Amino acid sequence: MSRHRPGPGPRPGPRPGEAIDPDIDLHVPGQRAETEGGRKWKVLAAISAGGVIGACARYAVSRAWPSHWGTFTVNMVGCLLIGVLMVLVSERRTVTRPLVRPFLGVGVLGGFTTFSAYALDVAELLERHQSGEAVTYAAATVAGALCAVWLGATVTRQAVGPP
């Protein structure tokens, strides 16, 4: 007997005239248009190029500020910028170029922000018996990341105006 429960079913495709966003739900064929056939290589190249830029920027910050608060700052800035980007690309459709979201969102900001360094920082603080700072850092990162995304999105919505 299977314990798998079926999901709510496929999401509806985009409305006529609405831009297709290839990374919302890849189970919907209409939302995979950018990644079908040979076009997937353009998306992959955009993500890869953006990832190199984001990772190099993160590395530069880690060299200039080699502490867990450098990682914290990188993650807050990245989350703020993802809030801005998602409003411009997904909500307001101010940016409509097809490779902007994969390049900036997945590539640059994905390469720039870092969950692995954050987790390593928490583990190192715990190993040094700095549990108070580890808990503060862990909680501040989660709360700060959520607040940064919200702030980036809110300020961008106000700056761009109504849809």
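Since we're looking at a predicted model, the values are computed, not measured.
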Would [X] and [Y] show up in the same hydrophobic cluster when neighbours are defined by side-chain heavy atoms closer than 4.5 Å?
X: Ile82; Y: Met76; value: no
X: Leu109; Y: Val52; value: no
X: Val149; Y: Val95; value: yes
X: Trp69; Y: Val74; value: no
X: Val108; Y: Val77; value: yes

Mind listing the closest non-hydrogen atom pair of [X] and [Y] along with its distance?
X: Thr71; Y: Ala117; answer: CG2-CB, 3.9 Å
X: Ala138; Y: Val122; answer: CB-CG2, 4.0 Å
X: Leu126; Y: Ala134; answer: CD2-CB, 3.6 Å
X: Arg93; Y: Ser90; answer: NH1-O, 3.1 Å

Does [X] have any side-chain contact (heavy atoms from CB on, under 4.5 Å) partners at least two apart in sequence or in another chain, and if so, which?
X: Leu151; result: Leu80, Val155
X: Ala123; result: none
X: Thr113; result: Asn75
X: Leu120; result: Glu124

Reported CG-to-CE distance for the pair Leu104 and Met86, which is rounded to 0.5 angstrom: 8.5 Å
Name all residues meeting the salt bridge (Lys or Arg N to Asp or Glu O under 4.0 Å) criterion together with Glu91; count only those two or more places apart in sequence or in a different chain, and write none if there are none.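 Residues passing salt bridge (Lys or Arg N to Asp or Glu O under 4.0 Å) with Glu91: Arg157.
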Rest of the hydrophobic cluster containing Val135 (Ile/Leu/Val/Met/Phe/Trp/Tyr, side-chain heavy atoms under 4.5 Å)?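 So far as hydrophobic clustering goes, Val135 is joined with none.
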List, by chain and then residue number, the residues other than Val87 in its hydrophobic cluster (Ile/Leu/Val/Met/Phe/Trp/Tyr, side-chain heavy atoms under 4.5 Å); write none if there are no others. none
If you count heavy atoms of other groups shown closer than 6.0 angstrom to CZ of Arg63, is the number above 12? no
Tell me every residue that passes side-chain hydrogen bond (donor to acceptor under 3.5 Å, both in side chains) with Tyr137, counting only those two or more places apart in sequence or in another chain. Asp121
So Leu125 and His68, do their side chains get closer than 4.5 Å, heavy atoms only? yes
A side-chain contact here means heavy atoms from C-beta on lying under 4.5 Å apart; do Val84 and Leu88 qualify?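 Yes, at least one pair of side-chain atoms sits under 4.5 Å.
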For residues 139-150, which residue pairs qualify under salt bridge (Lys or Arg N to Asp or Glu O under 4.0 Å), counting only residues two or more places apart or in two chains?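 Those involving residues 139-150 do not exist here.
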Please walk me through it: do Thr73 and Val61 pass side-chain contact (heavy atoms from CB on, under 4.5 Å)? CA-CA 9 Å; Thr73 302; Val61 172; 5.8 Å; no
Keeping the roles fixed (side chain from Arg58, backbone from Gly111), state whether a donor-acceptor pair exists under 3.5 Å.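 Yes; at least one donor-acceptor contact below 3.5 Å.
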Any ring-ring contact (aromatic ring centres under 6.0 Å, His included) pairs touching residues 84-117, not counting sequence neighbours? Phe115-Tyr118
Sequence neighbours excluded, every pair satisfying ring-ring contact (aromatic ring centres under 6.0 Å, His included) that has a member inside residues 142-163: none
